[in-house]
Structures are given as C-alpha cells and as structure tokens.
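Note sheet for the following structure.
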Amino acid sequence: MENLILIGFMGAGKTSVGKACASCFHMDFLDTDEYIVRKAGMEITEIFRTKGEEAFRAMETEAVRDLIKEKGGRVISVGGGLPLREENRELLKKLGQVFYLQVSPKTVEERLRGDQTRPLLQGEDPVKRIGELLAYREPLYRKAAHSIVNVNNRSVADIVEEIGALAGQKMEMAKEP
Ligand code: S3P
C-alpha cells in the first residue's frame with residue numbers, strides 16, 4: 001500500500017494530523033524528525049548546534065532514502081524544511097502520495113509562540129522570520145505536493161476526512177449525524 005506523506009511549515013499540524021490519519025486509516029505512523037533523532041542519538045536542537053543545518057539537511061535526505069527502501073502503508077510526517085532540496089522533493093514523490101498542509105503565518109505564530117524546540121525560530125523576531133521563511137518556502141511546498149490541504153481554522157477530523165477522500169482511503173472514523 002502507498003505511503004501518505006504530510007509536508008508543510010512548522011506548526012501546520014503534520015504530526016497531529018498524521019497520527020489521526022494513521023489511526024483512522026489503520027496505518028502505521030512515522031515522523032522524519034523522530035526517525036533522525038533516533039538514528040543520530042541526538043535531539044534536533046543539538047544536531048543544529050553541534051553539526052549545523054547543512055548536516056541536518058543531509059540526514060533528512062538519507063532518512064527519505066532509507067524509508068523508500070522500507071515497507072509502504074505508512075503515514076509519514078516530514079520535517080518542515082525537508083522539501084526545500086530539489087532532490088528531496090523528487091524522493092518524496094517516490095516515497096508516496098504527498099499532501100501539503102497549508103498554514104497561514106498567523107496560525108503558525110499563534111501555535112508556536114514560546115516554542116523552544118525549533119532552532120530556526122529562536123531569533124530576535126520570530127514573527128518576521130515565520131513570514132520570510134513561509135514566503136520563500138510556499139512555492140517549493142507546492143512543487144513537492146500532489147495535493148494541497150488548507151488547515152487554517154479547521155479541526156483535525158475535518159482535515160483527516162479531506163485527506164482520506166483525496167487518497168481514496170476508507171474512513172473508520174465515527175461521523176457526526
Ligand atoms: C524545520 C522543521 C522542524 C525540524 C527542524 C527544521 C524547518 O520540523 O525538522 O527544526 O526547517 O522547517 P517540524 O516541521 O516538524 O517542526
């Protein structure tokens with residue numbers, strides 16, 4: 001069975017939507033950040049601090065290459081910066097059906113205010129940084145994806161339902177009457 005891949009900016013809800021998709025569609029869930037942390041034996045912040053962003057990006061490419069060789073049928077949420085490399089965008093499409101969870105800067109700012117786990121948002125002016133990064137990344141996320149799913153002001157259940165319909169998954173979720 002094909003993998004379902006969730007991409008998008010930090011705070012788009014890739015992990016929570018991914019876990020909900022996995023449980024609704026009876027698939028396994030995997031997060032590339034967690035995969036890298038396990039393989040490297042180091043937290044993301046530590047990898048950025050001691051090895052730098054480029055080394056982390058290389059680990060992301062390696063992770064996708066590893067996952068292509070493994071079994072399918074998973075929901076895979078992908079670190080926000082992984083689709084930036086052209087090579088990774090091509091690899092992601094080989095890995096499965098790619099959904100871009102599209103989020104506004106305002107939603108990201110509300111969700112990630114005070115977060116200390118994202119090294120790229122730790123500077124002086126995180127709001128400005130979110131705007132800049134998102135503007136740069138938006139066209140790349142679009143290029144990487146088979147489908148775009150808007151996640152602003154929507155419940156996880158609603159988003160899962162849309163992904164299920166796009167992916168042709170049978171829903172096992174209790175629906176409201
Ligand atoms: C990053 C996103 C993070 C993590 C790292 C870099 C990015 O993952 O991979 O901090 O460049 O957008 P999430 O998107 O899961 O927060």
Side-chain angles (χ1 to χ4, degrees), residues 3-22 28-67 74-92 95-96 98-145 147-152 154 156 159-160 163:
N3 291 309
L4 306 182
I5 321 288
L6 305 183
I7 65 167
F9 201 73
M10 294 169 268
K14 300 178 296 281
T15 306
S16 42
V17 170
K19 285 184 175 163
C21 282
D28 288 333
F29 173 76
L30 185 138
D31 178 277
T32 59
D33 283 344
E34 280 173 17
Y35 180 90
I36 290 167
V37 167
R38 231 181 306 132
K39 197 168 168 184
M42 261 191 242
E43 293 301 325
I44 305 280
T45 44
E46 204 184 336
I47 299 172
F48 269 74
R49 189 169 46 81
T50 61
K51 297 176 183 280
E53 181 172 349
E54 271 315 295
F56 176 71
R57 299 300 174 204
M59 290 178 186
E60 290 187 315
T61 303
E62 203 179 291
V64 184
R65 287 193 182 283
D66 289 351
L67 294 174
R74 281 170 166 160
V75 181
I76 301 176
S77 79
V78 162
L82 190 146
L84 303 182
R85 284 191 175 183
E86 187 181 354
E87 179 187 11
N88 292 357
R89 293 195 291 278
E90 282 164 19
L91 289 171
L92 283 177
L95 184 60
V98 185
F99 299 88
Y100 166 30
L101 303 191
Q102 190 180 42
V103 69
S104 70
K106 185 167 167 280
T107 306
V108 174
E109 200 270 310
E110 284 165 7
R111 289 187 184 166
L112 296 186
R113 199 175 295 148
D115 175 272
Q116 295 186 339
T117 66
R118 283 24 180 237
L120 295 180
L121 303 180
Q122 299 311 305
E124 290 266 291
D125 191 347
V127 176
K128 185 163 165 248
R129 185 85 173 121
I130 290 167
E132 287 166 357
L133 282 176
L134 203 44
Y136 172 75
R137 291 179 175 191
E138 168 75 19
L140 301 177
Y141 289 141
R142 284 175 173 273
K143 262 197 220 170
S147 314
I148 301 175
V149 177
N150 184 315
V151 299
N152 298 297
R154 290 180 72 186
V156 170
I159 298 164
V160 171
I163 293 173

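Any value given below was found using the heavy atoms of this structure, including those in side chains, with hydrogens, waters and symmetry copies removed. In each ligand, atom 1 is the first atom listed, and ligand 1 is the first ligand listed.
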Could [X] and [Y] be called an ion pair, given the rule that one side-chain N must be under 4.0 Å from one carboxylate O?
X	Y	value
E54	R85	yes
K39	E62	yes
R49	E43	no

At less than 4.0 angstrom from any non-hydrogen atom of [X], what atoms of ligand 1 do you find?
X	value
G81	1 (C), 7 (C), 11 (O), 12 (O)
R57	7 (C), 11 (O)
L120	7 (C), 11 (O)
R118	16 (O)
F56	9 (O)

- Item | Close side-chain approach of F56 to D33, heavy-atom, < 4.5 Å |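 When only atoms from C-beta onward are counted, D33 and F56 do touch, with a gap below 4.5 Å.
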- Does M59 reach ligand 1, in the sense of a heavy atom lying below 4.0 Å from it?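 Flag not set, M59 not near ligand 1.
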- Task: May I ask whether E53 has any heavy atom positioned less than 4.0 angstrom from an atom of ligand 1?
- Result: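 No.
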- For the pair Y141 and Y100, name the ring-plane relationship: parallel under 30°, tilted 30 to 60°, perpendicular over 60°.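 Answer is tilted, since the angle falls between 30° and 60°.
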